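Have a look at the structure below, then the notes.
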Amino acid sequence: MRTFVPPRLMLVTDRRLCPTDRLPALAAQVVAHGVDAVQLREKDLPADELLALARALRAAIGGHALLFVNGDVDVALAAAADGVQLGEEAMSVAEARRRASGRLLIGRSVHDVAGAVAAERAGADLLIAGTVYPSRSHPGGPSAGPELIRRIVAVVRVPVLGIGGITWENAAAVIAAGGAGVAVISAILAAPDPVRAAAELRAAVEVAAVVGQQT
């Protein structure tokens, strides 16, 4: 497992927006323009297809970005991924760490302060918190705004990424609230120019981080 530097910009996959046969090439392009983590999140793919895609992504991005596999420790290990991302209703952090034998980073998706605290106490290395803004994947669901990130960051020490409806226009607010970075789906995958979208997102996050250090 590589030395862990919290990602600034994570791309979360969705094959409805980018078919699996195009995904590795697209991932390589956006990694070259600011994405520093890719989360393979295709929960309904059969295990053999998920593994093949994970391996293709690993080959495409090499060591230039972290690779997380959502929900499947075995696939993450077999694909030489850097980590596994667990939903709040998925297996426990402790069980994932036991099965990974220290070879994977453990990310946890959380939706409130209590869940974040519990995940950190269980040993999660990274939290992805949301929904921050109304999103394509949760258009009618509740969104908590950057204040959710602020409340979580105030009580945990592990890195927190915001997710949900994040664009280059509002990413800075997530960083200003204490987020280590942002995770996006449609902001890149549904963009007319995904490479440009990735570069603009990364620039927005970096500028916000610099401003935060100066204040």
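Source: prediction; values computed, not measured.
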**Request:** Using the side-chain contact (heavy atoms from CB on, under 4.5 Å) rule, take Arg99 and Asp74 through it: C-alpha gap first, then chi angles, then the decisive distance, then the call.
**Result:** CA-CA 8 Å; Arg99 291 174 60 177; Asp74 295 333; 3.0 Å; yes
**Asked** What heavy-atom pair brings Gly178 and Val153 nearest, and what distance separates the two atoms?
**Response** O-CG2, 3.5 Å
**Message:** Exactly one of Thr20, Leu23, Asp21 should register a side chain to side chain contact (heavy atoms under 4.5 Å, CB included) with Arg15. Which one does?
**Reply:** Thr20
**Asked** At what distance, to the nearest 0.5 angstrom, does CZ of Arg41 lie from CG of Leu50?
**Response** 12.5 Å
**Request:** Output yes when a side-chain donor or acceptor of Asp125 lies under 3.5 Å from a complementary backbone atom of Leu105, and no otherwise.
**Result:** no
**Fill in**
Minimal heavy-atom distance between Ile149 and Ala129, with the atoms involved, is CD1-CB, 3.9 Å
**Prompt:** Can you tell if the side chain of Phe68 reaches within under 4.5 Å of the side chain of Val38, non-hydrogen atoms only?
**Reply:** no
**Message:** Counting C-beta onward and ignoring hydrogens, is there a side-chain heavy-atom pair between Leu126 and Phe4 closer than 4.5 Å?
**Reply:** yes
**Message:** Looking at every non-hydrogen atom in both residues, tell me the closest pair between Ile61 and Ala28 and how far apart they are.
**Reply:** CG2-N, 4.2 Å
**Message:** Quick check: do Arg103 and Leu77 have side-chain heavy atoms less than 4.5 Å from each other?
**Reply:** yes
**Request:** Search all heavy atoms of Ala81 against all heavy atoms of Leu104 and return the closest pair with its distance.
**Result:** O-CD2, 3.4 Å
**Prompt:** Between the main-chain N or O of Leu9 and the side-chain N or O of Asp36, is there a donor-acceptor pair closer than 3.5 Å?
**Reply:** yes
**Asked** So, Thr131 side chain and Tyr133 main chain: donor-acceptor pair closer than 3.5 Å or not?
**Response** no
**Request:** Could you tell me which non-hydrogen atom of Ala119 sits nearest to which non-hydrogen atom of Arg108, and how far apart they are?
**Result:** CB-CG, 3.7 Å
**From CA spacing to verdict: side-chain contact (heavy atoms from CB on, under 4.5 Å), Val93, Ile106** = CA-CA 7 Å; Val93 171; Ile106 310 296; 3.8 Å; yes
**Request:** Ignoring hydrogens and angles, state whether a donor on the side chain of Gln39 or Asn70 is under 3.5 Å from an acceptor on the partner side chain.
**Result:** yes
**Expected output: side-chain Arg55 to main-chain Ala59 donor-acceptor under 3.5 Å** = no
**Message:** Against Val69, only a single residue in Val75, Leu57, Leu53 fulfils side chain to side chain contact (heavy atoms under 4.5 Å, CB included); can you say which?
**Reply:** Val75
Residues 180-199 side chain polar contacts: donor-acceptor under 3.5 Å, at least two apart:
from: Asp193; atom 1: OD1; to: Val195; atom 2: N; distance (Å): 3.3
from: Asp193; atom 1: OD1; to: Arg196; atom 2: N; distance (Å): 3.1
from: Arg196; atom 1: NE; to: Glu200; atom 2: OE2; distance (Å): 3.0

**Message:** Quick one, Leu161 and Pro7 - any side-chain contact, counting heavy atoms below 4.5 Å?
**Reply:** yes
**Message:** Within the structure provided, determine whether Arg58 and Asp82 are in side-chain contact (heavy-atom separation under 4.5 Å).
**Reply:** yes
**Asked** Do the non-hydrogen side-chain atoms of Met10 and Ile163 ever get within less than 4.5 Å of each other?
**Response** no
**Prompt:** To the nearest 0.5 Å, how far apart are OG in Ser109 and CD1 in Ile128?
**Reply:** 5.0 Å
**Message:** With a 4.5 Å cut-off on side-chain heavy atoms, are Arg202 and His33 touching?
**Reply:** no
**Message:** How close do Ala172 and Ala204 get, counting heavy atoms only, and between which atoms?
**Reply:** CB-O, 4.4 Å
**Side-chain H-bond candidate by donor/acceptor type, Glu42 with Thr13, under 3.5 Å** = yes
